[in-house]
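Working notes, structure below.
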Amino acid sequence: MADSDTLLDLRGLKCPLPALKTRKALTRVAAGTVIRVECTDPMAAIDIPHLIGDTGDHLETQSHDGDLLVFRIRKA
């Protein structure tokens with residue numbers, strides 16, 4: 001995680017909360033801000049990329065480590 005990334009820890013939350021909380025966080029940050037979203041809900045692997053497609057922001061990376069899903073999103 002880069003020092004300037006904002007961490008959004010959504011571990012343990014179930015669908016649709018990870019996507020809803022990610023959307024809300026994106027409305028609160030300035031353009032160019034990077035949010036690192038960490039969650040454990042397997043549906044987030046589908047929901048968050050769809051959310052980013054809707055918002056026009058940029059999904060820089062998407063990875064998983066066991067049950068942990070990590071998304072790095074740059075606000076447009």
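These values consider heavy atoms only, across backbone and side chains, with no hydrogens, waters or symmetry-generated copies.
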Write out all pairs satisfying salt bridge (Lys or Arg N to Asp or Glu O under 4.0 Å) with one or both partners inside residues 43-64, taking only residues at least two apart or from two chains.
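Checked against salt bridge (Lys or Arg N to Asp or Glu O under 4.0 Å) - neighbours excluded - the pairs reaching residues 43-64 are Glu60-Arg72, Glu60-Arg74.
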
With rounding to the nearest 0.5 Å, note down the distance linking OG in Ser63 to CG in Leu69.
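With rounding to 0.5 Å, OG (Ser63) is 8.0 Å from CG (Leu69).
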
Quick check for you: to the nearest 0.5 Å, what is the distance between Thr6 atom OG1 and Ile73 atom CD1?
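So the gap between those two atoms works out to 11.0 Å.
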
Considering only heavy atoms from C-beta outward, does the side chain of Thr22 approach that of Leu10 to under 4.5 Å?
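They are in side-chain contact.
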
Side chain proximity check, Lys75 to Ile35, heavy atoms < 4.5 angstrom:
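No. Closest side-chain heavy atoms not under 4.5 Å.
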
Are Leu17 and Leu8 grouped together when hydrophobic residues (ILVMFWY) are joined by side-chain heavy atoms under 4.5 angstrom apart?
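Linked, Leu17 and Leu8 end up in one cluster.
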
Heavy-atom pair with the smallest gap, counting every atom of Phe71 and Ala44:
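Heavy atoms only, the tightest pair is CZ-O, 3.4 Å.
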
Ignoring hydrogens, what is the shortest heavy-atom contact between Ala19 and Ile48? Give both atom names and the distance.
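That would be CA-CG1, 4.4 Å.
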
Check which hydrophobic residues are tied to Met43 through side-chain heavy-atom contacts below 4.5 Å, counting indirect links as well, and list them.
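Met43 shares its hydrophobic cluster with Ile46.
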
Which side-chain N or O atoms in residues 24-31 pair as donor and acceptor under 3.5 Å with protein atoms at least two apart or in another chain?
unit_1, atom_1, unit_2, atom_2, d
Thr27, OG1, Lys24, O, 2.6

Which residue pairs pass the side-chain hydrogen bond (donor to acceptor under 3.5 Å, both in side chains) test with at least one member in residues 10-19, sequence neighbours excluded?
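Output for this query lists Asp9-Arg11, Arg11-Glu38.
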
Got a sec, which residues hit salt bridge (charged side-chain N to carboxylate O under 4.0 Å, His left out) with Arg23, two or more places apart in sequence or on another chain?
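So Arg23 forms no salt bridge (charged side-chain N to carboxylate O under 4.0 Å, His left out) with any residue.
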
With sequence neighbours excluded, tell me which residues meet side chain to side chain donor-acceptor pair (under 3.5 Å) with Gln62.
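Side chain to side chain donor-acceptor pair (under 3.5 Å) check on Gln62 returns nothing, list empty.
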
Contacts of type side chain to side chain donor-acceptor pair (under 3.5 Å), residue Asp41, not counting sequence neighbours:
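Testing Asp41 for side chain to side chain donor-acceptor pair (under 3.5 Å), a comparison that skips the adjacent residues, returns none.
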
Do Thr40 side-chain atoms and Gly12 backbone N/O form a donor-acceptor pair below 3.5 Å?
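Judged by distance alone, yes, a pair lies under 3.5 Å.
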
